[in-house]
Amino acid sequence: MPDAFRCVVLIPSYNSGKLLRRTVSEVLAVWPDVVVVCDGSQDGSQHALDDLLSQHAGLHLVRLQRNGGKGRAVLYGAQWAEQAGFTHILTMDADGQHPAQDLPDFMAAGRQNPQAMILGKPVFGPEAPAVRVWGRKLSNGLVWLETGGAVQDCLFGFRVYPLKPFLHAMRTSRFMRGFDFDPEISVRLVWMGVPACNKATPVRY
């Protein structure tokens, strides 16, 4: 019987510099399967993982020739994951704000609820810029109305998605290719009947 939960960590990256290698190294310390999508990076960061690729069989790199936006990069990575036989993706940013140490807990939640998306709900520390904390309240309020409160934070990209409905939603829309990706995909998946589990997690600045 095939595994109902086989998940790869998907990291889109555009000109992430030294942060990309640090983020990937932290992920590999707790989870073996990672795919990085370099979205037309021009800062040399696409080569920062060369030695790690030879050391970790579960680490893969997808290189896109031109920058097309976060959503497009995640879509390419998700299509790669589908071809590689994964059932789920966990998306996280390359800049180190998302907590790699929480990956096992999110993976466990995804395994317990394989039909659901596991949405990170950020816990901000005192160092977080107030404009970032308060500025997202309007977006979250609008998405709350669209989803009946199912999505508690629409902008935080630390999430587990079931791959099949995720790809269906992405392929049937011409939107969600840039930074509109995170809020819109969560709304569309709720509309499709995908349950949302919100899980608190810290943000690192």
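Atom set for the values below is all heavy atoms of this structure, side chains included, hydrogens, waters and symmetry mates excluded. Fair warning: this is a prediction, and the values are worked out from it, not measured in the lab.
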Parallel, tilted or perpendicular: which describes the rings of His98 and Phe156, with under 30° parallel and over 60° perpendicular? perpendicular

Val194, Leu75: one ILVMFWY side-chain cluster at the under-4.5 Å cut-off? yes

What one should report as the nearest heavy-atom pair of Arg21 and Asp51 is NH1-OD1, 2.7 Å

Do the side chain of Asp39 and the main chain of Gly69 share a donor and acceptor less than 3.5 angstrom apart? yes

Side-chain contact, heavy-atom cut-off 4.5 Å: Arg159 with Leu90? no

Using a strict 4.0 Å threshold on nitrogen-to-oxygen distance, state whether Arg6 and Glu82 make a salt bridge. no

Cluster check Ile185, Phe179: I/L/V/M/F/W/Y, side chain < 4.5 angstrom: no

Taking Ala169's backbone N and O only, do any of them form a donor-acceptor pair with Ser173's side chain (distance below 3.5 Å, no angle check)? no

Hydrophobic clusters here meaning ILVMFWY residues chained together by side-chain heavy-atom distances under 4.5 Å, can you tell me if Leu10 and Phe86 are in one? yes

So CG of Leu189 and CD of Glu184: to nearest 0.5 Å the spacing works out to 10.5 Å

Using a strict 4.0 Å threshold on nitrogen-to-oxygen distance, state whether Lys70 and Asp93 make a salt bridge. yes

Of all heavy-atom pairs linking Cys7 and Asp33, the shortest is O-CB, 4.0 Å

pair Arg66-Arg72: side-chain heavy atoms closer than 4.5 Å: yes

Answer whether the closest heavy-atom distance between the side chains of Pro183 and Leu155 falls below 4.5 Å. yes

Side-chain donor/acceptor of Ser13 to backbone N/O of Val37, under 3.5 Å: no

Hey, could you give me the CE/CH2 distance between Met92 and Trp31, rounded to the nearest 0.5 Å? 13.0 Å

Side-chain donor or acceptor of Asn15 paired with backbone N/O of Gln42 under 3.5 Å: yes

Met117 and Pro195, any side-chain heavy atoms less than 4.5 Å apart: no

Under 6.0 Å from the CD atom of Gln101, do we count more than 12 heavy atoms belonging to anything else shown? yes

Do Val9 and Met107 come close enough that some side-chain heavy atom pair is under 4.5 Å? yes

Ion pair present between Arg63 and Asp50, side-chain N to carboxylate O less than 4.0 angstrom? yes

Main-chain N/O of Thr201 paired to Asp102 side chain as donor or acceptor, under 3.5 Å: no

Measure across Phe166 and Ala78 and return the closest heavy-atom pair with its distance rounded to 0.1 Å. CE2-CB, 3.6 Å

Check whether any side-chain heavy atom of Val74 sits under 4.5 Å from a side-chain heavy atom of Tyr76, and report yes or no. no

More than 12 non-hydrogen atoms from neighbouring residues, nucleotides or ligands closer than 6.0 Å to CH2 on Trp144, yes or no? no

Does the pair Val36 and Val62 meet the rule for a side chain to side chain contact (heavy atoms under 4.5 Å, CB included), with working shown? CA-CA 6 Å; Val36 177; Val62 175; over 6 Å; no

Kindly work out whether a path of hydrophobic side-chain contacts (I/L/V/M/F/W/Y, heavy atoms less than 4.5 Å apart) joins Phe158 to Val160. yes

Under 3.5 Å donor-acceptor, Asp153 side chain and Pro122 backbone: no

Do the side chain of Asp43 and the main chain of Gly17 share a donor and acceptor less than 3.5 angstrom apart? yes

Residues Asp3, Arg111; criterion side chain to side chain contact (heavy atoms under 4.5 Å, CB included); working and verdict: CA-CA 10 Å; Asp3 192 347; Arg111 184 174 292 280; 3.4 Å; yes

With a sphere of 6.0 Å drawn around CD of Gln55, does it hold more than 12 non-hydrogen atoms of other residues, nucleotides or ligands? yes

For Ser45 versus Leu20, what's the shortest heavy-atom pair and its separation? O-CD2, 3.5 Å

For Ala116 and Cys197, the nearest pair of non-hydrogen atoms, with its separation, is CB-SG, 4.0 Å

May I ask whether Leu28 and Val35 are part of the same hydrophobic cluster, defined by side-chain heavy atoms of I, L, V, M, F, W, Y residues being less than 4.5 angstrom apart, directly or through others? no

Between CD of Glu146 and SG of Cys154, what distance do you get to the nearest 0.5 Å? 11.0 Å

Parallel, tilted or perpendicular: which fits the ring planes of Trp80 and His60, with parallel below 30° and perpendicular above 60°? tilted

Could you check if a side-chain atom of Leu61 sits within less than 4.5 angstrom of a side-chain atom of Cys38, using non-hydrogen atoms only? yes

Does Glu26 pair with Arg204 as a salt bridge, N-O distance under 4.0 Å? yes

With a 4.0 Å cut-off on N to O distance, would you call Arg22 and Asp95 a salt bridge? no

Which distance, rounded to the nearest 0.5 Å, do you find between the CD1 of Ile89 and the CD1 of Ile11? 12.0 Å

d(Thr91 OG1, Asp182 CG) to nearest 0.5 Å is 6.5 Å

What is the ring orientation for Phe5 with His88, classed by angle as parallel under 30°, tilted 30 to 60°, or perpendicular over 60°? tilted

Are any of the side-chain heavy atoms of Leu119 and Lys199 separated by less than 4.5 Å? no

Assess the residue pair Arg188 and Met176 against the criterion (side chain to side chain contact (heavy atoms under 4.5 Å, CB included)); give the C-alpha distance rounded to whole Å, side-chain angles, the decisive distance to 0.1 Å, and a yes or no. CA-CA 10 Å; Arg188 287 186 178 274; Met176 300 183 288; 3.6 Å; yes

Does the side chain to side chain contact (heavy atoms under 4.5 Å, CB included) test come out yes or no for Gln115 and Lys164, once each step is laid out? CA-CA 10 Å; Gln115 305 305 315; Lys164 187 174 180 179; over 6 Å; no

Closest non-hydrogen contact found for Ala150 with Val190 is CB-CG2, 4.2 Å

OH-CG distance between Tyr161 and Leu163, expressed to the nearest 0.5 angstrom: 12.0 Å

